[in-house]
Amino acid sequence: VQLQASGGGLVQAGDSLRLSCAASERTNSILGMGWFRQAPGKEREPVAAIGWNIESTCYVGSVSGRFTISRDNRENTVYLQMNSLKPEDTAVYFCAKALDIRSLQSCPMNHREFGYWGQGTQVTVSS
């Protein structure tokens, strides 16, 4: 399975963006999906995660209340609605697939428990 993130761009502080991540093929093996981000010179950090067949979401504190993760099981696509964007949200955003159901039990998520990383999409927020 390959994951492709899209929807990034250059916006101003306070604007919104919606990221999408689609699996390259239909699969019944998805347990959950997560969004991570990496800013220049920084380590990859978790953003949000969602269970695929369970009602479970996770948000890191810095995005809670501003970002919303959702999914379309039929299309094997996960979305990240980002509102009230801030310059500190600037990063490359990646989506990844949970490798085990236990991957969703940690909030924030551990990126080592996710795999099948896509190429990422750049989000740049100007002040």
Nearest atoms (heavy-atom pairs only) where Gly7 meets Thr121:
N-OG1, 3.9 Å
SG-CH2 distance between Cys95 and Trp117, expressed to the nearest 0.5 angstrom:
9.0 Å
Could you check whether atom CD of Gln122 has more than 12 heavy atoms from other residues, nucleotides or ligands sitting under 6.0 Å from it?
yes
Show your working on side chain to side chain contact (heavy atoms under 4.5 Å, CB included) between Tyr93 and Met82 and close with a plain yes or no.
CA-CA 12 Å; Tyr93 284 70; Met82 306 187 295; 3.9 Å; yes
Please report the closest heavy-atom contact between Thr90 and Val125, naming both atoms and the distance.
OG1-N, 2.9 Å
Any donor and acceptor pair, going by atom type alone, linking the side chain of Thr57 with main-chain N or O of Ala48 inside 3.5 Å?
no
Could you give the distance from CD (Gln81) to CG (Leu19), rounded to the nearest 0.5 Å?
8.5 Å
Is a side-chain donor-acceptor pair under 3.5 Å present for Ser103 with Gln105?
no
Linking I/L/V/M/F/W/Y whenever their side-chain heavy atoms sit closer than 4.5 Å, directly or via other members, would Val63 and Phe94 fall into one cluster?
no
Check: Cys58 and Met109 side chains under 4.5 Å, non-hydrogen atoms:
yes
Do Ile101 and Leu99 belong to the same hydrophobic cluster, where Ile, Leu, Val, Met, Phe, Trp and Tyr are linked whenever their side-chain heavy atoms lie under 4.5 Å apart, directly or via other members?
no
Does the pair Glu45/Arg37 count as a salt bridge with the N-to-O cut at 4.0 Å?
yes
One should read off an interatomic distance between Ser6 OG and Gln119 CD, to the nearest 0.5 angstrom, of 12.0 Å
Minimal heavy-atom distance between Pro87 and Ser127, with the atoms involved, is CG-CB, 3.8 Å
Got a second to check how far Asn110's CG is from Arg112's CZ, nearest 0.5 Å?
5.5 Å
May I ask you to decide if Asp72's main-chain N or O and Tyr79's side chain share a donor-acceptor pair within less than 3.5 Å?
no
One pair to check against side chain to side chain contact (heavy atoms under 4.5 Å, CB included): Val78 and Ile50. What are the steps and the verdict?
CA-CA 8 Å; Val78 63; Ile50 189 167; 3.9 Å; yes
Group every Ile, Leu, Val, Met, Phe, Trp and Tyr by side-chain heavy-atom contacts under 4.5 Å, then state whether Ile54 and Trp35 land in the same group.
no
Quick one: do Thr68 and Leu80 satisfy side chain to side chain contact (heavy atoms under 4.5 Å, CB included)? Show the steps, please.
CA-CA 6 Å; Thr68 303; Leu80 186 68; over 6 Å; no
Are Met33 and Leu31 co-members of a hydrophobic cluster defined by side-chain heavy atoms under 4.5 Å apart?
no
Hey, what do you get for CG (Asn83) to CG (Leu17), rounding to the nearest 0.5 Å?
9.5 Å
For the residue pair Phe36 and Phe114, is the inter-centroid distance of their aromatic rings smaller than 6.0 Å?
yes
Hey, any chance Leu104 and Trp52 share a hydrophobic cluster, counting ILVMFWY side chains that come within less than 4.5 Å of each other, even indirectly?
no
Work out which heavy atom in Cys21 is nearest to a heavy atom in Leu3; give both atom names and the distance.
SG-CB, 3.9 Å
I'd like to check Lys86 versus Arg66 (side-chain heavy atoms, cut-off strictly below 4.5 Å). Are they in contact?
yes
Between Glu55 and Arg71, does any NZ, NE, NH1 or NH2 come within less than 4.0 Å of an OD or OE carboxylate oxygen?
yes
Could you check whether any side-chain heavy atom of Val92 comes within less than 4.5 Å of a side-chain heavy atom of Val123, counting everything from C-beta outward?
no
Euclidean distance, Asp89 CG relative to Ser62 OG, rounded to 0.5 Å:
7.0 Å
